[in-house]
4 protein chains.
Amino acid sequence: MGSVKDSQMDEFDLFSPTDFRYYEKDLKEYLTEEAFTHYKVKVEVALVKTLAEYGICPKDIVKVVDLAIDKISSKEVYKEEKRIKHDIRALINVMKKYVGAEAKPYIHTTATSFDVIDTARALMYRDATSEVVLPNMIDLEKTWIELAGREKDTIQIGRTHGQHAEPITFGFAIAQYIERWGNRILKVKESAENLVGKFSGAVGAYNASSLLIENPEEFEEKLLAKLGLKPGRISTQIVPPEPTVDFIHSIVSSFGVIANYADDMRHLQRTEISEVGEPFGKEQVGSSTMPQKRNPINFENVKSAWKEFMPRMITTYMDQISEHQRDLTNSLSQRYIPELLVMFSSSVKRINSISKRLKVDKRNMKRNFKLNADKIVAEPLQILLSFYGHPNAHEKVRQLTIKSYETGKPLTEIIFEDKEIEPYSNKFTEDQLGIISNPEKYQGIASQKAEKNCDYWKKRINDLGVQNG
Amino acid sequence: MGSVKDSQMDEFDLFSPTDFRYYEKDLKEYLTEEAFTHYKVKVEVALVKTLAEYGICPKDIVKVVDLAIDKISSKEVYKEEKRIKHDIRALINVMKKYVGAEAKPYIHTTATSFDVIDTARALMYRDATSEVVLPNMIDLEKTWIELAGREKDTIQIGRTHGQHAEPITFGFAIAQYIERWGNRILKVKESAENLVGKFSGAVGAYNASSLLIENPEEFEEKLLAKLGLKPGRISTQIVPPEPTVDFIHSIVSSFGVIANYADDMRHLQRTEISEVGEPFGKEQVGSSTMPQKRNPINFENVKSAWKEFMPRMITTYMDQISEHQRDLTNSLSQRYIPELLVMFSSSVKRINSISKRLKVDKRNMKRNFKLNADKIVAEPLQILLSFYGHPNAHEKVRQLTIKSYETGKPLTEIIFEDKEIEPYSNKFTEDQLGIISNPEKYQGIASQKAEKNCDYWKKRINDLGVQNG
Amino acid sequence: MGSVKDSQMDEFDLFSPTDFRYYEKDLKEYLTEEAFTHYKVKVEVALVKTLAEYGICPKDIVKVVDLAIDKISSKEVYKEEKRIKHDIRALINVMKKYVGAEAKPYIHTTATSFDVIDTARALMYRDATSEVVLPNMIDLEKTWIELAGREKDTIQIGRTHGQHAEPITFGFAIAQYIERWGNRILKVKESAENLVGKFSGAVGAYNASSLLIENPEEFEEKLLAKLGLKPGRISTQIVPPEPTVDFIHSIVSSFGVIANYADDMRHLQRTEISEVGEPFGKEQVGSSTMPQKRNPINFENVKSAWKEFMPRMITTYMDQISEHQRDLTNSLSQRYIPELLVMFSSSVKRINSISKRLKVDKRNMKRNFKLNADKIVAEPLQILLSFYGHPNAHEKVRQLTIKSYETGKPLTEIIFEDKEIEPYSNKFTEDQLGIISNPEKYQGIASQKAEKNCDYWKKRINDLGVQNG
Amino acid sequence: MGSVKDSQMDEFDLFSPTDFRYYEKDLKEYLTEEAFTHYKVKVEVALVKTLAEYGICPKDIVKVVDLAIDKISSKEVYKEEKRIKHDIRALINVMKKYVGAEAKPYIHTTATSFDVIDTARALMYRDATSEVVLPNMIDLEKTWIELAGREKDTIQIGRTHGQHAEPITFGFAIAQYIERWGNRILKVKESAENLVGKFSGAVGAYNASSLLIENPEEFEEKLLAKLGLKPGRISTQIVPPEPTVDFIHSIVSSFGVIANYADDMRHLQRTEISEVGEPFGKEQVGSSTMPQKRNPINFENVKSAWKEFMPRMITTYMDQISEHQRDLTNSLSQRYIPELLVMFSSSVKRINSISKRLKVDKRNMKRNFKLNADKIVAEPLQILLSFYGHPNAHEKVRQLTIKSYETGKPLTEIIFEDKEIEPYSNKFTEDQLGIISNPEKYQGIASQKAEKNCDYWKKRINDLGVQNG
């Protein structure tokens, strides 16, 4: 424990931008140090209640302990920790201060520090997820569903390798994110719900609790049920690490989806492309010296956040390893997990906010589409030639394309002048001829697919029953 | 494409130890480059078959194409790729060589390269997992179940912070790994089964296939069903990345479990501890200069493999980002995924092999247990004092412990001489007194818990119906 | 920018443990957001001064601007940024508030935001390093030099693979860290001194400054010289990333050295080994339920800090990539660099503090040494046998060792009974015989080497001329 | 050790693409397993020679041992290792087979395995670097110097945030890479030359060598001098890790520079931008289904290689930690270091090859430049207004820019119609007016800076005296 500052501090005297720059009020009651203290007290209270149920302590103590909860502050606990250098023992000492003499002996009885800490953490992450993170994720999903629905017929050139490829619609491009994001919503929800608590004591064998209780596993189950948690099927001093690892993976891999979206939008906002734009405030300054600029700063911010937080998965994987019944080398590092949730949640909100007001420039989408549209018919031509029996359609079309580049003559013209092609193109249906003459029609089922995906996820998201953010 | 070596090469002319040192024959037919070629051909054949079903190509072509499969070798494909610098086009050219003139036009018709590649990869990973990786994982689980069953009553001191804490049994310690590993087996199985294929063309909008087919989604589904796969609900040029990311996470997080086990065993094998030992061959040399040594080289090897392969998760997360309808910056990097599976599988086998013959030294476990056993009773004493009404049991016991350290007198003796304690200890039950006098009895339900976990996972594993490795 | 809290906040309402738990007062004036603001103002002032020198603005303005510095607070800047959404423009607006009308136009003239930001950052890192980080590193080096000097003759068994190998001294073991740490001190110093600033404008071509100034490179050089910095030889909107990357590598690789030391000490503190101990406060509580425990919590803390901060190197490497004349995707991420310095510095101090009072248990070192001492002579025996002509000494000694294990007879005895060995051992010198009979003597030049290394680094460190921390 | 394949294997039966796809013949003699064997033998021979110099073995043995070198193959060593399960002992056994009876006892005398292995590795990396990697890096630097020289006056719009910012020249953009790359060349060279060897025995205290040699440090120095290496100032069983860590950092951070370049070029090759193009072979196929495409596959390949290999730095940092006098958990992982060098070298060559023939489209550069050129004058205008006394130039220009966007009237026109601006613009010099009317002139000293940087690095590179690749 480092700091003994005055409890009041200036926010700009901080080192971590998470707090002075990207603070998330919504998550304050779940993920700050103060919140952590309250969650730990909650767990200690659940313990006393269960002890009372089992007749180990008098029933009337429960009320007294319950009342004490609100009096405990991190400040007081830290002061005590500074004296005795043990965080949970400090908490217990402070709790004891606020309860009567008869209650004192039962605080923390049979528990080990990490019964309380690991259980409190599972609660923090679960609550922060269900109350804030998931609602934010769902809000973004809804925004995207609306955007994709609105733009499902907006023609856009599909790009692979940054090169114009074949037509899609902008709604179809967004629908990809709806699918990937919906899938991550399910993953985050599932992995948060799989987080477990524990009350199996210092080495996980219920050594302490079995002193006083016949069936300590049942005791653990009942205690955790009060908090809405399940115990790990077996544990050491700490819960098995994998549920937490899976949870963090679900967050980090979700972060990757919005990072990808941010990159796509950044590039579509390039001066030469200009198909989308971040909304821009009236008073906003684009650049300190180049007032004309419209920079995709929010998309850049989210990509940057991903770069900062994604590598922390390595920490998580390293924390999977704890020697024997546990070493403490995951203690400091796990204290940084809340920050990951905060910055992820903040990035989700940011993406949502700009996606809601995203400027879609259909004219430029069309303009860009036309740049190279002539060459698009190379693919359908090749397929139709094959289909109607041409022995080496790919090579034939490649030659025509080169010819078109070299002569500057449109491919759509060259095709219909070519003698070798004629016998095949004569067999084309009207629809097929339409596509060969007008590449815009070569968009497959982009629009329907976008719509279908929107419908699927609209329903799926509703069925989750998560509250709006 | 770099190499144009002669196809025959000396294995020691290689750069990658995966091949010259850790080669895994079991995985040869799933994960080598040759295997990849065969999987791609398999996908191309499934395409022709589906085209025939849809009446797009004549039914009798199918047989011809089927026969061609075995003739295709990577060597020939690479030679062609060297000429035309495109891997899938090279494959198609080679395939065409082996089929008759009427079949030629239908090879690859409506497909884009990554329809074939991504689908082939999903097949490779899925088959390698179900046929080799999972059976190996299950074998290890069984070995641990047997070990834990055998050692469920073997007393061992539980260690936290590397310090003696409270008694457990060795079987209980192993049972932790059974739980964590069983949990990972389910994860690996689930995520491998969630891998998807695609046949939606160059930008994912079925542009090509909808030229010839009324319902291209149905076509995709039928084609992939022939290979036992499902399509992604929507895709770009490539499958959505998250199923693959989840799969690799399942592997990497499983790797962490055996790395942890390896660390535990390494430390239990320390000269001063000597509770376990790697089996040691008759001809084996412990050290080039210190013939007396018994080094935990296999455990060290697995920890080292984890250090090499765990960070590749970063690559996977970076490959989640692909611009627009895809860029190709995940192409080289994804070629390294098979290696991860190979080295994971190799490490699982290695751990299994030494765990099967692990030397458990019960005498040393007992000896170590006794080193500090006297102090163990501090915890049960404290709890019992609290339970029987002592107002500040933790502090009281701390003082007694310090006294025991300072005087050298056993804590078990000091307790019964202490006047303040007497009124409480008089209320102890016989069992409770037994524990205070004999710390070995303070092992909670370690043994039952180990047994219960073994039973649970024995059944669960059987229900999976995966073949033995 | 997220937060609009009241500027006064409770420290336990924070998310990042860096601030509520590990706050480093020493670094407050270099690395907080407030410090960053002051550094940026400092750079802006240097600009005005240089403009005055070049006759671009009146000389008397300089004094006015100088006076304004102290009035600028982050709070005010953030309030303005909230309005106009641009951090540097906000700073300029606030600065202008505090200077007279004639000075206003010259604030920030010819500069781009990142001229100021990147230069300010180089100053922050450089000052934090030279004033706090390096002095802390040097203090630790001195502590280790003293420790190694004190323990240079303390016999300890050298351990490889966690197995007893050959004798060393504890001072020799510490001397390894003196070497590695000394080497890192030089690296950190060098890389901090190589950090560069820039004043080349929005795309690095001096577009703006060359409007008003004949030789803008000279202008940049003079400006930066006022701050004690050099410019990058060429830059885009931002400084070339590699000097920063090298600097962060120097920090992260230094972190690895103390993480290794922490691991070594943790293991030497294991109950069975007990060769060293963390100092332990009188009031300190070892465990909430096991009062007897002496946990290596500080060593664990530092290892954990390394796990949290080492992976951030990945962020740094990703931030090397910035598109064209820069994208902003390194903006948020670079705001987290100060935190790395804070936590590294904190860890260095922690290691220093416990190393100063490290309990070295010579008795246990000797006890452990003797555990296996008999087998140690296997190596010198083997070498001497070879030297005196035995054709296959290694195999011979391996056989004797196995015999010793199997019969329980000491190797030192078996040797002198063996007929095959006799003709060779007869040639041994007295010293050599001494070693074969008493393995403690087989410690090579451990003690001298420790001393020599201490002397080398004592001098080297002194020559650096860095102030004490 | 896994494989016991027949020594001849098909290259497509491999798992690692490094060998079957990206094989680098140039590095074969430095970095394959066979090369490693030869380097180890070289070290063993240097040992015998030094022993002879010290009179420990007869001088005439040296010749015999020297002759044996060429007979040793990895194949034979691996066969022996399979039997005895120790790699270095296997090597020794094989060496002994090829020398006479009198020489046998002196092979490996006083050495420990890692004296040989760590020294051999330092040699491998150093030689691979000086003979192949550095020459390749220098070749690329020369290519870039030529390219930048050729294009130093080619106007290009500078881009920040992907948005058009201010003019530069294409040569100036390339000059950034010349600087960054030159800087990395120096770093790689320096760190390779700092690699150290060791001959201090099993725990680093010269236990063995001081048995026979008075001054074992001198012995170590002389031995290593024969190989052109220096010893670490102190070592354990292994060399201090930091020189290797620094070396790998130099490679990984160099990789980042070409990854950035690859990204820049990929984006400049976007269909809408088309300022550069990868050279394209006559027979090359752009896409299996879209024959018209010109994909930046080589740039994509290099970016992908960076994604695969950059994260391995994490392995390197983890390998810094080795318990006590060493554990072996860095053994497998370090075997993968050669692969990093191979893939880096391959990527450097690839970038060089396409940079040499890079198609620079000056017409498109100009076309793109003009897209938004009108708005560029906002910055110089703002600066000149400030300079000539306007009290709030930035805000004024921002308003004019908005007006230009809203009315569609060019900014260059609006400026000269604005009454508020007139009194200031009247004071502009002719050059200044020229820039305000023609934004192309607003390119600062881009061209001179490019030239200067080319000259600097041309000379600097020459002075290194490294052979051409």
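Letters go in sequence order (proteins before strands), and every chain restarts at 1. Quick caveat, the model's predicted, so the values are computed rather than measured.
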Report which part of [X] has an atom under 4.5 Å of a heavy atom belonging to chain C: side chain, backbone, both, or neither.
X        : result
A:Met313 : neither
A:Phe299 : neither
A:Ile337 : neither

Salt-bridge criterion met for [X] and [Y] (N-O under 4.0 Å):
X        : Y        : answer
C:Glu323 : A:Arg270 : yes
C:Glu300 : A:Arg326 : no
C:Glu308 : A:Arg335 : no

### Task
Show your working on side-chain contact (heavy atoms from CB on, under 4.5 Å) between A:Glu34 and C:Phe20 and close with a plain yes or no.
CA-CA 10 Å; A:Glu34 196 67 54; C:Phe20 66 73; over 6 Å; no
### Query
Could you state the interatomic distance from OG (A:Ser331) to CD1 (C:Ile297), rounded to the nearest 0.5 Å?
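Reported value, rounded in 0.5 Å steps: 9.0 Å.
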### Query
Quick one: NE2 on A:His267 to CG on C:Asp327, what's the gap to the nearest 0.5 Å?
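One gets 8.0 Å once the value is rounded to the nearest 0.5 Å.
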[X] side chain near [Y] side chain, heavy-atom distance below 4.5 Å:
X        : Y        : answer
A:Asn295 : C:Leu328 : no
C:Lys307 : A:Tyr317 : no
A:Leu332 : C:Arg21  : no
C:Arg312 : A:Phe309 : no

For each of [options], tally heavy-atom pairs with chain A at distances under 4.5 Å, and name the one with the top tally.
options                               : result
C:Thr329, C:Thr37, C:Val342, C:Leu341 : C:Thr329
C:Lys28, C:Lys349, C:Gln334, C:Met343 : C:Lys28
C:Glu29, C:Glu339, C:Lys303           : C:Glu339

### Query
Using the ring of each side chain (for Trp, its six-membered ring), is A:Tyr23 parallel, tilted or perpendicular to C:Phe15, with breaks at 30° and 60°?
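Plane angle between 30° and 60°, so tilted.
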### Message
Test side-chain contact (heavy atoms from CB on, under 4.5 Å) on C:Met318 and A:Met310; report intermediate values, then the result.
### Response
CA-CA 11 Å; C:Met318 288 195 287; A:Met310 176 271 278; 3.9 Å; yes
### Message
Tell me the closest heavy-atom pair linking C:Asp13 and A:Thr32, and the distance in Å.
### Response
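For C:Asp13 and A:Thr32, the tightest heavy-atom pair comes out as O-CG2, 3.0 Å.
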### Query
Do side-chain atoms of C:Asp19 reach the backbone of A:Ser16 as a donor and acceptor pair under 3.5 angstrom?
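Side chain of C:Asp19 to backbone of A:Ser16, a donor-acceptor pair under 3.5 Å: yes, one is there.
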Which atoms of [X] are under 4.5 Å from chain A, going by heavy atoms: the side chain, the backbone, both sets, or neither?
X        : answer
C:Thr18  : both
C:Asp263 : neither
C:Leu27  : both
C:Leu340 : neither

### Task
For residues C:Phe12 and A:Phe36, establish whether the separation of their ring centroids is below 6.0 Å.
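They do not qualify: ring centres at least 6.0 Å apart.
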#### Entry: Polar side chain donor-acceptor pair, C:Ser333 to A:Ser304, under 3.5 angstrom
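The answer is yes; a qualifying pair exists.
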